[in-house]
Structures are given as C-alpha cells and as structure tokens.
*Asks:* 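A single structure is presented below for examination.
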Amino acid sequence: MPGIGTVVNVIAVILGGILGILFGKKIKLEIRDSLMKVAGVAVIFIGISGALTGLLKITEDGSSLTTNGALMMIISLVLGTLAGELIKIEKKLDRFGEWLKIKAHAAEDGGFVGAFVNTSLVICVGAMAVVGAIEDGIGGNPSTLFAKALLDFLIVIIMTSTLGKGCIFSFIPIGIFQGAVTALSKFAEPLLSMGTVISDMSLVGNVLIFCVGINICFGKKFNVGNMLPSLIVAIIYSVIQFYI
C-alpha cells in the first residue's frame, strides 16, 4: 500500500523521541552537551558523504576521480537561498515551532524550537526521504523508507536526549513531506525520469544536512530553512539541462 513507508517512519520518529526523552532525564548535563556535539559531527559527516557521492565520479577508464554537478549545486544554493531569504521560510518554521511549544506545554524549554527545526531538517532533506517516498509512490516499494525509519529512530533518540523534546515533533513535517512526495510521485513520474533530477536533489539536500550539522555543533551559522528552495532550483536546473 503506497504511503505505508511514511506511516512506519512517523511511528519510528515518535517512538525514538519518547525513548530519547526518557534517556535524556537520566543523563548529566555535561554528558548531554558532549553527546549533542557528537550528534552534530555525525550529521556533518552524513552530509559530506552524501554530497561527495553526488559530486565525485570515477572516470570511464577508472583511473581517476572527476567532479560532477558543482555548477548545479552553486546555482541551486545561491538562487534557492535568495528566494528563501525573501520569503523568510526560517521565520515561518520558527513561528510554527513556537506554536508547537505552546501546544506541548513546553514554554520553559528555550531550546524547543531549535530542536524541532534542526531534527526536522536532518530527517526530511536527505536522499533517502526523497528517493524512498518516490519508490513507495510509484512502485509501492517501501523498503527504503523502512530502512530510513530505523535510522531516524536512532537519530531521534540521540537528538531528543540532548536537544530536548522539540525533536519528537519532527514527525509532523516528515509525515507531510514524505506523504506529499509519495502522493504526487505518480503524477510527476515523467519529470522524475528526466536526466539527473533525483541525484541533483539528493546532492543539494546533503549540503543542507551538512549545514544543519554545523549549526548543532557550533551554534546557528546557517539559516537552513531559508535554503530549502535550493531543492526546487535543483529540479528546475535538471529539467532545463535535459531539454538543452
């Protein structure tokens, strides 16, 4: 049944968040701080590995590596970030996080919004979220999302235990995002088959994940929410390249 992968993923995030809250209460503050930095480093390397997979290609003779997609990445990030800054997506995400904080009776939790936004970005913009949701929608194959659900379960446990219960509410955007991609994938199948649409989206998405990791480790350095339109620019770029 199309959509079952997202349902399982949402349940995994909720369960991971609950376990993270329970564990977090038993961990000393200095240990939580260390774990938060470790989680940030892990997210950084997830982003780097995914980006390098898209950027580096082996030459046909197998003798060396060559770069691929660098121009697309630069154009997507610049134009996408410009659009996001004009629309002020980050402020809208923060406002939604503030609303959730009130509904969750967590007004005293100063890190609630940051925890919600960072965790949502980590589990939403990666390659597995996009590719898995498309596979679930087009072929009815949820296996990628099942694997992602296990990874997200572990990630959310760690992030919730260190950043707080705001992380658990990342199940809302992951449900909306992956559910929408799955629902629309049948209609967008001709578009998704064009050139490198999926791989370009994955490359840009992994760069955004890297930026989230930097924010977790070193404090907020990037308005990653405002960079989200870069994913749309990557799609447009791929389609244009396909027809040129």
*Asks:* Say whether Ile48 and Met227 are linked into one hydrophobic cluster, either directly or through other cluster members, by side-chain heavy-atom distances under 4.5 angstrom.
*Replies:* yes

*Asks:* Can you sort out the partners of Ala83 under side-chain contact (heavy atoms from CB on, under 4.5 Å), two or more places apart, ordered by chain and number?
*Replies:* Pro229

*Asks:* Mind checking what makes ring-ring contact (aromatic ring centres under 6.0 Å, His included) contact with Phe171, not counting sequence neighbours?
*Replies:* none

*Asks:* Ring centroid separation for Phe112 and Phe169, is it under 6.0 angstrom?
*Replies:* yes

*Asks:* How would you list all residue pairs meeting salt bridge (charged side-chain N to carboxylate O under 4.0 Å, His left out) that involve residues 99-110, not counting sequence neighbours?
*Replies:* Glu98-Lys101

*Asks:* Tell me, which pairs form a salt bridge (charged side-chain N to carboxylate O under 4.0 Å, His left out) where one or both residues lie in residues 143-153, sequence neighbours left out?
*Replies:* Lys148-Asp152

*Asks:* Do you know which of Ile44, Val43, Val212 makes side-chain contact (heavy atoms from CB on, under 4.5 Å) with Cys217?
*Replies:* Ile44

*Asks:* Please table the atom pairs, donor to acceptor, closer than 3.5 Å between any side-chain atom in residues 118-139 and protein atoms at least two apart or in another chain.
*Replies:*
{"residue": "Asn118", "atom": "ND2", "partner": "Gly114", "partner atom": "O", "Å": "3.2"}
{"residue": "Thr119", "atom": "OG1", "partner": "Ala115", "partner atom": "O", "Å": "2.8"}
{"residue": "Ser120", "atom": "OG", "partner": "Phe116", "partner atom": "O", "Å": "2.7"}
{"residue": "Glu135", "atom": "OE1", "partner": "Thr144", "partner atom": "OG1", "Å": "2.6"}
{"residue": "Asp136", "atom": "OD2", "partner": "Gly3", "partner atom": "N", "Å": "3.1"}
{"residue": "Asp136", "atom": "OD2", "partner": "Gly5", "partner atom": "N", "Å": "3.2"}

*Asks:* Between Val156 and Gly16, what is the shortest heavy-atom contact and its length?
*Replies:* CG1-C, 3.8 Å

*Asks:* Are Leu82 and Val78 connected into the same hydrophobic cluster when the rule is that any two of I, L, V, M, F, W, Y join if their side-chain heavy atoms are below 4.5 Å apart?
*Replies:* no

*Asks:* Partners of Lys220 by side-chain contact (heavy atoms from CB on, under 4.5 Å), sequence neighbours excluded?
*Replies:* Glu90, Asp94, Asn215, Asn223

*Asks:* Find out if a path of hydrophobic residues (ILVMFWY) with successive side-chain heavy-atom gaps under 4.5 Å connects Ile87 to Val224.
*Replies:* yes

*Asks:* Do Val38 and Met159 land in one hydrophobic cluster if side-chain heavy atoms of ILVMFWY residues count as linked below 4.5 Å?
*Replies:* no

*Asks:* Is the closest side-chain heavy-atom distance between Thr67 and Leu56 below 4.5 Å?
*Replies:* yes

